[in-house]
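Data block below; observations after.
Sequence lines set the chain letters: A, B, ... in the order given, protein chains first and strands last, and positions in each chain run from 1.
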2 protein chains.
Amino acid sequence: MSLNRQDVVRAAVDVLDRYGLEDLTMRRLAGLLGVKAGALYWHVTNKQTLLALVSDEILQELDDASRLRPDADPTAVGSQPDTGLAEGVRRWAGQFRAALLRHRDGGEVVASTLPVGLGRVDPAAEVSAVLARYGFSSHQRRYGSRALVHFILGHVIEEQTRSQLHELGVVAQFDGRAEEEDFTDGLELLVTGLRGLSADGTADPSRVENAEI
Amino acid sequence: MSLNRQDVVRAAVDVLDRYGLEDLTMRRLAGLLGVKAGALYWHVTNKQTLLALVSDEILQELDDASRLRPDADPTAVGSQPDTGLAEGVRRWAGQFRAALLRHRDGGEVVASTLPVGLGRVDPAAEVSAVLARYGFSSHQRRYGSRALVHFILGHVIEEQTRSQLHELGVVAQFDGRAEEEDFTDGLELLVTGLRGLSADGTADPSRVENAEI
DNA sequence: ACCTGAACACCGTTCAAGT
DNA sequence: ACCTGAACACCGTTCAAGT
């Protein structure tokens, strides 16, 4: 009969998908749950932590997806020695982006929660683990994962915002295909950079064992 | 005696620096100008376009700075053939980041305005011009400049947010030096990627003349 | 334990009316 | 031309009081 935290978070994701972040208000959320706004504060401490929970919910789907099909990637080729690194990063990036795109304003929600560090799921930590497998130092993992996360979040936020402005008729053209292409090609710049670290021996794959993740 | 648009925008930047984006409200801004909130709507159509004007004000300082000292950069070395490209990108990126850091929440303000496209100054267009000088195709310039802008904005936003959370005592440690290092090294990943395009002939410096900027 | 009612201190925006 | 007064339709958050 009575609500719990999970109900509130799931309803919040629902409001997000239907009305967007701007209209995700405590009052509207309460209304959808058949309750008064004040009641929500029994389940969550405030709106910011609710958004962090929503962010976790969005990112959780990334983990779930990668657990279901751990090696399914048609774009995998495999000839250079560093193709494992490159493919690992590409796969993670694609899944991260897909998880964000699955929900309206997903990029903005996750981005707003990231620096606060309230979320249980940290996307930067996830790529960090990938980089660790290829011998990257802790400093390299930190700035490398940050660069990747910032690029992806920034790209998705711009894509989602522009797509919504397009639906509102505010902005003329929006090409989803071009967005995906820009994303893939932009990502490749970072992949090249990371591969460079690996190639010049700055990151040493032979030291993988003693890498503290 | 009476206000004009410039007064309103400059006061808005002032409120931003002193109280942050969250407290940059029409009412507070009006109060600072000795006027009622409704009066502001004579000078700006709404808050969103006011933020776009604030964003322009912030980015304008980038242009001014580069015009004052066009070649002053102590980190410049100059030995490889592509060092011009790399240095050009590094210099622009450093100035862009510096302009954002000069104002509280500068990153967030510019980022929120960017996809709307209301701003007069487009940072992506500025690097695009740099890339054009080195023969990058229009597609390469687009995804390259987007990747750079997203990386820089994302990095600065996280840096500024964390720095403020630190001041509020919410988060324990904040190291400005480490932030700058992560920025420089992260940027280098993208620079390497761009240099790669230039090296493998995908971007052709000999075609610089007919590049439509 | 969970929720209501009602308030507090705000928002952005509009617009007749004043000067 | 520029601004006030006053309203409209909202916000997030708190908290005594109810069940």
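- Between Arg177(B) and Glu180(B), none of the side-chain N atoms (NZ, or NE/NH1/NH2) sits under 4.0 Å from a carboxylate O, so this pair counts as no salt bridge.
- In terms of phosphate contacts, His43(B) brings no side-chain nitrogen or oxygen within less than 4.0 Å of OP1 or OP2 of dA1(D).
- Residues Arg146(A) and Asp182(B) are paired through a salt bridge, judged by an N-O separation under 4.0 Å between the basic side chain and the carboxylate.
- Residues meeting the side chain to side chain contact (heavy atoms under 4.5 Å, CB included) test with Ser55(A), sequence neighbours left out: Leu59(A), Val109(A), Val110(A), Thr113(A).
- Where DNA chain D pairs in unbroken runs of 3 or more (Watson-Crick or G-U, both distances under 3.5 Å), the stems are C:4-8 with D:12-16, C:12-16 with D:4-8.
- Judged by distance alone, the side chains of Asp185(B) and His139(A) do bring a donor and an acceptor atom under 3.5 Å apart.
- Residues that satisfy the ring-ring contact (aromatic ring centres under 6.0 Å, His included) test with His166(B), not counting sequence neighbours, are absent from this structure.
- For Lys36(B), the side-chain atoms get nearest to dG5(D) when compared with the rest of dG5(D), dT4(C), dC3(C).
- Phosphate proximity of dC3(C) to Trp42(A): absent, as no side-chain N or O sits under 4.0 Å from OP1 or OP2.
- Taking the centre and axis of the six-membered ring of Phe183(B), the NZ or CZ atom of Arg97(B) falls inside the cone set by 45° and 6.0 Å.
- With rounding to the nearest 0.5 angstrom, the CG atom of Leu197(A) is 9.5 Å from the CD atom of Glu188(B).
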Under 3.5 Å donor-acceptor pairs involving side-chain atoms of residues 23-42 of chain B, not counting sequence neighbours:
from     : atom 1 : to       : atom 2 : distance (Å)
Thr25(B) : OG1    : Arg28(B) : N      : 3.0
Arg28(B) : NE     : Asp23(B) : O      : 3.3

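- Partners of Arg10(A) by salt bridge (charged side-chain N to carboxylate O under 4.0 Å, His left out), not counting sequence neighbours: none found.
- Between dC8(C) and dC11(D), the two C1' atoms lie 12 Å apart (nearest whole Å).
- Taken residue by residue, residues 2-17 of chain B places heavy atoms nearer than 4.0 Å to DNA chain D at Ser2(B), Leu3(B).
- In this structure Ser2(A) satisfies the side chain to side chain donor-acceptor pair (under 3.5 Å) test with no other residue, sequence neighbours excluded.
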Discussion item. For nucleotides 10-15 of chain D, give me one character per nucleotide, 5' to 3': B if any protein heavy atom sits under 4.0 Å from the base, S if the only such contacts are to the sugar-phosphate, - if neither.
Written reply: -BBBB-
Enumerate, atom names and distances included, each donor-acceptor pair closer than 3.5 Å involving a side-chain atom of residues 151-158 of chain A, sequence neighbours excluded.
from      : atom 1 : to        : atom 2 : distance (Å)
His155(A) : NE2    : Glu179(A) : O      : 3.1
Glu158(A) : OE1    : His150(B) : NE2    : 2.5
Glu158(A) : OE2    : Arg162(A) : NH1    : 2.9

With 3.5 Å as the limit, what N/O pairs link the protein to nucleotides 17-19 of chain C?
none

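- With both ends at atom C1', the span from dA17(C) to dC2(D) equals 13 Å, rounded to whole Å.
- In this structure, Met1(B) places its CE atom 13 Å from P of dT4(D), rounding to the nearest Å.
- With sequence neighbours excluded, the residues that form a side chain to side chain contact (heavy atoms under 4.5 Å, CB included) with Asp14(A) are Arg18(A).
- Checked against side chain to side chain contact (heavy atoms under 4.5 Å, CB included), His103(A) has the following partners two or more places apart in sequence or in another chain: Val13(A), Leu16(A), Asp17(A), Ile58(A), Glu61(A).
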